[in-house]
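Have a look at the structure below, then the notes.
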Amino acid sequence: METRGCGVRHVCAVTVLLVSVCPPCTASWMWLGVTSAGVLEKLGCTDLPLSHRQQELCRRKSFLLPSIQDGARLAVAECQSQFRQERWNCSTREGPAVFGYESTSGEGTESSTVGQNGPEGTKETAFIYAVMAAGLVHAVTRSCSHGNMTECGCDARLQGGGSAAEGWHWGGCSDHVQYGTWFSRRFIDNGAKNVSATRGGYTLTSMNQHNSEVGRQAIHGTMSTDCRCHGISGSCAVKTCWKTMAAFERVGAYLKERYERSLQVSDRSRRKTRRKDQRRLPVDKQQLIFFNKSPNYCLEDRRRGIAGTRGRRCNRTSSGSDGCNLLCCGRGYNTHLVRHVQRCECKFVWCCYVRCRRCESMNDMHTCK
Ligand SMILES: *[C@@H]1O[C@H](CO)[C@@H](O)[C@H](O)[C@H]1NC(C)=O
Ligand SMILES: *[C@@H]1O[C@H](CO)[C@@H](O)[C@H](O)[C@H]1NC(C)=O
Ligand SMILES: *[C@@H]1O[C@H](CO)[C@@H](O)[C@H](O)[C@H]1NC(C)=O
Ligand SMILES: *[C@@H]1O[C@H](CO)[C@@H](O)[C@H](O)[C@H]1NC(C)=O
């Protein structure tokens with residue numbers, strides 16, 4: 001077993017795991033979103049679960065490695081936040097199939113086969129690809145704006161422009177998303193050609209690529225202009241404005257909306273099973289697409305990496321997806337009494353501290369059966 005460069009036992013274990021599990025599976029860069037920062041420093045580009053093309057890009061742009069990880073983490077956290085109240089809650093594991101079966105195949109391959117572990121290519125997969133690609137653009141761009149890079153910086157094209165008549169000009173640092181977008185395409189689409197659907201429909205690769213692009217476009221689409229006033233005592237005689245990316249939560253919410261309205265398309269490799277209502281024509285750039293209907297995510301299915309909703313906390317009075325009825329799939333729920341201890345009745349005591357009492361309260365907590 002290859003153990004070169006393993007300084008720490010944990011790192012060795014991870015390397016060994018990845019080496020022994022992959023191939024034949026396709027490891028994924030998304031793994032960087034669930035692993036600790038220390039691991040990254042121990043493993044070089046070669047030992048990371050990247051495709052050959054990604055490793056090559058990683059070596060050439062090794063200064064971007066921290067941003068790649070930042071982006072992956074940002075995306076994983078945002079996915080979990082957007083789906084915290086849903087049956088599928090975007091939970092991750094430390095294996096190569098970071099999100100379970102939703103992301104196990106299609107990456108780094110040109111094939112359009114649907115894996116044997118079940119129907120990948122659901123709308124959850126679509127969201128994952130979009131949010132991960134967007135996370136990468138966001139993190140790389142932030143790093144550019146921070147002045148941490150020699151290859152990119154603020155958007156210089158705007159400097160000096162503006163409208164004197166309207167009393168504003170471009171100034172400060174406008175986020176330059178082009179570099180991050182370029183990198184995200186290069187890194188995730190894996191050098192695949194700019195594929196679009198042919199009349200026969202999509203392949204798994206072209207579908208994933210389309211959804212990644214939806215994520216990148218979400219960064220562009222949620223950018224805004226911020227301005228600051230100057231002038232005597234806030235008179236705002238002159239304004240300096242700059243373009244800025246939205247906070248990533250905004251991008252996540254935008255993509256969640258796209259997820260709700262995602263569109264089923266036909267899988268070119270399964271022509272025979274294509275149904276009439278499936279779209280064959282290319283869909284527009286803002287639309288997330290998927291091949292397969294999602295499972296209901298109710299029951300645990302280890303083989304497919306579905307956790308099920310048993311034990312999930314639910315809200316008895318909510319009629320939304322976090323309500324016990326929907327979240328527990330009608331199985332019912334258990335009620336536990338939990339004790340909350342809080343600081344309360346805090347008083348400022350001269351001088352200088354705050355004294356509080358400990359207050360206890362008993363609350364009902366419901367979890368799915
Ligand atoms: C998702 O739900 C499972 C239980 O089904 C739970 O173990 C896990 O911690 C949850 N993950 C997140 C990110 O909330
Ligand atoms: C920029 O570099 C500094 C110092 O190396 C680091 O602390 C900071 O987190 C970096 N910022 C970004 C956005 O990468
Ligand atoms: C693919 O090509 C089209 C037009 O040729 C272009 O508008 C689009 O931005 C390209 N997409 C990618 C991911 O490069
Ligand atoms: C439960 O749902 C109700 C109705 O949607 C909401 O008002 C309440 O804040 C929720 N409770 C918790 C603990 O989230």
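Here, residue 1 is the first one in the sequence, and each next residue gets the next number. Everything quoted here is computed from the prediction, not taken from an experiment. Counting convention: from 1, in listed order, for ligands and their atoms alike.
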Check the side chains of Q209 and Y129 for a donor-acceptor pair under 3.5 angstrom, ignoring hydrogens and angles.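 Side-chain D/A pair, Y129 to Q209: absent.
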
Protein heavy-atom partner closest to [atom] - residue, atom, separation in Å:
{"atom": "atom 13 (C) of ligand 4", "result": "N315 ND2, 4.4 Å"}
{"atom": "atom 4 (C) of ligand 1", "result": "R312 CD, 3.6 Å"}
{"atom": "atom 5 (O) of ligand 1", "result": "G308 O, 2.7 Å"}

What atoms of ligand 4 come within less than 4.0 Å of a heavy atom belonging to T317?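 Listed by number with element: 1 (C), 2 (O), 3 (C).
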
Y254 six-ring centre to R258 NZ/CZ under 6.0 Å and within 45° of normal: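 Flagged: R258 positioned over aromatic ring of Y254.
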
Would K256 and F83 count as a cation-pi pair here, with the cationic atom under 6.0 angstrom from the ring centre and within 45° of the axis?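 Geometry flag: set, cation within 6.0 Å and 45°.
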
With heavy-atom distances below 4.5 Å as the criterion, would you say the side chains of R142 and H146 are in contact?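 Side-chain contact under 4.5 Å: no.
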
Is the closest heavy atom of Q80 to ligand 1 under 4.0 Å?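 Yes; Q80 lies near enough to ligand 1 that a heavy-atom distance drops under 4.0 Å.
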
What atoms of ligand 1 come within less than 4.0 Å of a heavy atom belonging to N89?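 Under 4.0 Å from N89, ligand 1 has these atoms: 1 (C), 2 (O), 3 (C), 8 (C), 10 (C), 11 (N), 12 (C), 14 (O).
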
For A307, atoms of ligand 1 separated by under 4.0 Å from a heavy atom: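 Close to A307: 5 (O).
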
Can you say whether the rings of F183 and F187 are parallel (under 30°), tilted (30 to 60°) or perpendicular (over 60°)?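 Parallel: the ring planes of F183 and F187 meet at under 30°.
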
Compare the SG-SG distance of C346 and C356 against 2.5 Å and report whether it is shorter.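 Yes - the two cysteines, C346 and C356, have SG atoms within less than 2.5 Å of each other.
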
Looking at atom 11 (N) of ligand 4, tell me if a protein heavy atom falls under 4.0 Å from it.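 Yes; the ligand atom in question has protein heavy-atom contact below 4.0 Å.
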
State whether any protein heavy atom lies less than 4.0 Å from atom 2 (O) of ligand 4.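 True for atom 2 (O) of ligand 4.
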
Under 3.5 Å, is there a donor-acceptor pair between the side chain of S143 and the main chain of A139?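 Answer holds: no.
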
